[in-house]
Amino acid sequence: MSDRPATGRPAFRFTFDGAPVEAEAGQSVAAALIAAGHRSWRRTRTGGEPRGVFCGIGVCFDCLVTVNGRPGRRACLVEAAPGDRVTTQEGAGHDDLAC
């Protein structure tokens, strides 16, 4: 990892499902995941279909991830931070609350 990517912004790492992902200051989790080659990071509750970025502006909920143990975070809106632990979200991310 270089200290300064081509944009000149400081680079750092967070983890996605335990693997390191490089990001730049100000970059969303979704942008960093796409730049790292990930296209989906959530599976639907019904059918287990893969989901990733759809609208990219926070209107839909296709890009949900769990960030630092908090499910239901829209990856397109959450700014990546050094040391974040991002994980794939299964369904709504609240299976322990299911009736």
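For reference, positions follow the sequence shown, starting with 1.
Of all the heavy atoms in Thr44 and Gly47, the pair that sits closest is OG1-C, 4.0 Å. Closest non-hydrogen pair, Cys76 versus Gly58, comes out as SG-N, 3.2 Å.
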Chi angles and distances behind the side chain to side chain contact (heavy atoms under 4.5 Å, CB included) call for Val21, Thr15: CA-CA 6 Å; Val21 174; Thr15 61; over 6 Å; no

Verdict with reasoning, Phe16 to Leu33, per side chain to side chain contact (heavy atoms under 4.5 Å, CB included): CA-CA 8 Å; Phe16 174 61; Leu33 289 174; 3.6 Å; yes

CA sep, side-chain torsions, deciding dist, call: Ile34, Val53, side chain to side chain contact (heavy atoms under 4.5 Å, CB included): CA-CA 9 Å; Ile34 289 170; Val53 169; 3.9 Å; yes

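For the atom pair Leu77 CG and Ser28 OG, the distance stands at 8.0 Å (nearest 0.5 Å). Expressed to the nearest 0.5 Å, how far CZ of Arg42 lies from SG of Cys63 amounts to 8.5 Å.
Side-chain atoms of Pro50 and Arg43, non-hydrogen and from C-beta on, do get closer than 4.5 Å to each other. The shortest side-chain heavy-atom distance between Trp41 and Gln89 does not fall under the 4.5 Å cut-off. For the pair Arg13/Pro20, a side-chain contact is recorded, criterion being any heavy-atom separation below 4.5 Å from C-beta on. Within the 4.5 Å cutoff, side-chain heavy atoms of Arg74 are placed close to those of Phe61. Phe12 has its side chain out of reach of Asp84: every pair of non-hydrogen atoms, C-beta onward, lies at least 4.5 Å apart.
Side chain of Arg85 to backbone of Phe14: no donor-acceptor contact under 3.5 angstrom is found. In this structure, Arg73 contributes its side chain and Val67 its backbone to no donor-acceptor pair below 3.5 Å. Side chain of Thr66 to backbone of Gly69: no donor-acceptor contact under 3.5 angstrom is found.
Applying the side chain to side chain donor-acceptor pair (under 3.5 Å) criterion to Thr88, with sequence neighbours excluded, gives Asp17.
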